[in-house]
Amino acid sequence: MINLKFNVNGKDVEITVDDSLRLLDILRDELGLTGTKEGCGIGECGACTVIMNGEAVNSCMILAEQVQNAKVETVENLEKNEVLSKLQDAFLDNGAIQCGFCTTGMLMSSKALLDKNPTPSEEEIKTALEGNLCRCTGYVPILNSVKDAVKKYLHK
Amino acid sequence: MKFYKPKSLLELFETSEKIEGKKYFLAGGTDINVQIKNGIIKDESIIFLNHLTELKGVLQSDNHIIIGALASFRGIIESKLLKNKLPFFQNSLQEFASPLIQTTATIGGNIANGSPTADVVPLLLVLNAKLKLFSKSKLREVPISEFYLGYKKFILKRNEIIGAVLIPENAETGYETFYKKIGSRKALTIAKLAIAGLKRISNNKIEDIKLAVGSLNEYPRRLYKVEEYLKNKTVDEIDFFELESQLKKEITPITDLRSDKEYRYQVCVNLIRTFLNH
């Protein structure tokens with residue numbers, strides 16, 4: 001067991017967990033943050049994407065100890081005071097959600113990109129989403145959503 | 001399963017020496033963590049490395065670029081020093097795994113995981129990279145071409161780790177470069193085969209050429225016999241039957257879940273031809 005201190009969505013968390021748990025398990029089972037999904041569990045689908053220390057990562061590939069003192073952001077952090085983020089709005093407007101399973105991962109990979117680069121090119125958006133699979137294959141509306149979010153940012 | 005998180009390199013080696021039985025050094029963990037989850041690794045000891053900042057970063061020293069073994073692929077792809085000095089090496093790694101894995105995975109981990117398809121190794125082979133190996137009382141340097149002994153077998157001693165990768169700063173200078181990774185899709189591909197090449201042409205002759213392949217042997221290798229055959233020839237002087245007979249002495253493609261041996265062989269030949277503009 002290890003005593004883990006880290007920050008999730010702006011809140012400091014201190015918990016004791018089994019060493020072999022993954023960040024994904026800690027978020028879902030220990031902290032009840034079930035917005036983050038488990039798809040493949042081997043880093044190929046990106047459904048478990050969260051932002052750790054400013055970079056998008058597969059939370060299924062991060063072991064408890066690797067989260068020590070880290071800053072983690074999950075999809076639950078996008079909505080503020082019951083208002084969805086511009087990115088989430090853009091996903092809704094474009095119908096970029098079919099079954100919804102990949103959505104949180106898509107949102108977090110997109111957010112990590114936009115946090116670093118608010119005006120990415122189409123190519124940069126595609127590259128940022130390369131690690132996220134949509135099993136419904138609805139990639140076009142997803143891409144359009146991120147482009148719309150960029151436009152909203154520009155017209156802010 | 002026991003986990004250890006040494007506070008320093010010295011403590012790392014002391015911890016490692018005390019552990020009996022099988023152990024894993026965990027860098028980014030993108031392979032090991034999945035094996036833990038799937039129960040493939042369950043009784044072994046795990047020693048965390050990734051917090052040891054002294055093994056991170058990319059820097060210049062004398063006439064070498066030194067990449068810390070724990071440098072992430074994100075760090076490598078975004079390094080200004082590499083962009084300036086080794087752009088071919090850097091650009092070739094843009095398609096490494098996915099952006100999500102690039103953040104976590106490390107160069108040392110890619111080498112020490114020992115996969116026959118390790119993306120970074122063919123590149124390091126043609127760039128004449130060396131590995132700096134650290135143990136408690138000794139530092140030693142070995143060419144990457146001498147690091148692997150067989151499938152997942154290395155010259156690393158029991159309490160020794162890869163500390164850094166050294167690439168001569170002018171390793172790419174004056175060469176035409178080539179890197180192709182063949183897979184079933186663009187992102188997140190585990191290569192069916194990969195080939196890296198450097199060549200220098202003078203008076204239409206191949207003055208120097210270096211070729212290395214991944215996924216065609218039990219570990220990535222230089223094609224020394226093919227290189228020897230090609231040196232000092234013009235493209236028109238190359239007899240491709242002879243080239244193939246040299247190639248067959250150096251690669252042992254297998255059929256597995258990703259591809260079959262005939263495909264791997266033929267595509268390897270085709271890629272060498274492409275690189276030679278033949």
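The sequence lines fix the lettering, A, B, ..., with proteins before strands; numbering per chain opens at 1.
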Q: Kindly write out the residues that satisfy ring-ring contact (aromatic ring centres under 6.0 Å, His included) with A:F101, not counting sequence neighbours, or none if the list is empty.
A: none
(Q) Tell me which pairs pass ring pair (Phe, Tyr, Trp, His ring centres under 6.0 Å) where either residue lies in residues 79-116 of chain B, with sequence neighbours left out. (A) B:F73-B:F96
Q: Measure A:A128 against the heavy atoms of chain B and call it side chain, backbone, both or neither at under 4.5 Å.
A: backbone
Q. Just by modelled atom types, is the B:L12 backbone N or O under 3.5 Å from a matching donor or acceptor in the B:S16 side chain?
A. no
Q.
Name the residue from B:K83, B:K80, B:K85 that meets the side chain to side chain contact (heavy atoms under 4.5 Å, CB included) definition with B:Q90.
A. B:K83
Which donor-acceptor pairs sit under 3.5 Å apart between chain B and chain A?
unit_1: B:K5; atom_1: NZ; unit_2: A:E65; atom_2: OE2; d: 2.6
unit_1: B:G28; atom_1: O; unit_2: A:Q66; atom_2: NE2; d: 2.8
unit_1: B:N33; atom_1: ND2; unit_2: A:M61; atom_2: O; d: 2.7
unit_1: B:N33; atom_1: ND2; unit_2: A:Q66; atom_2: OE1; d: 2.9
unit_1: B:R74; atom_1: NE; unit_2: A:E55; atom_2: OE1; d: 3.3
unit_1: B:T103; atom_1: OG1; unit_2: A:A56; atom_2: O; d: 3.3
unit_1: B:K186; atom_1: NZ; unit_2: A:E130; atom_2: OE2; d: 2.7

Q.
Quick check on B:I101 against chain A: is it the side chain, the backbone, both or neither that has a heavy atom closer than 4.5 Å?
A. both
Q) Which region of B:I46, side chain (C-beta onward) or backbone (N, CA, C, O), has a non-hydrogen atom less than 4.5 Å from a non-hydrogen atom of chain A, or is it both or neither? A) neither
(Q) Taking B:P220's backbone N and O only, do any of them form a donor-acceptor pair with B:N217's side chain (distance below 3.5 Å, no angle check)? (A) no
Q: Go through B:L100, B:I36, B:L188, B:L26 and name the one with the most non-hydrogen pairs under 4.5 angstrom from chain A.
A: B:L100
Q: Can you tell which part of A:I62 gets under 4.5 Å to a heavy atom of chain B, answering side chain, backbone, both or neither?
A: both
Q) Taking it one step at a time, do A:V13 and A:I26 satisfy side chain to side chain contact (heavy atoms under 4.5 Å, CB included)? A) CA-CA 11 Å; A:V13 174; A:I26 297 167; over 6 Å; no
Q.
Which residues pass the side-chain contact (heavy atoms from CB on, under 4.5 Å) test with B:A164, not counting sequence neighbours?
A. B:I66, B:K132, B:L166
(Q) Show the nearest heavy-atom pair for residues B:R264 and B:I254, with the distance to one decimal. (A) NH1-O, 2.7 Å
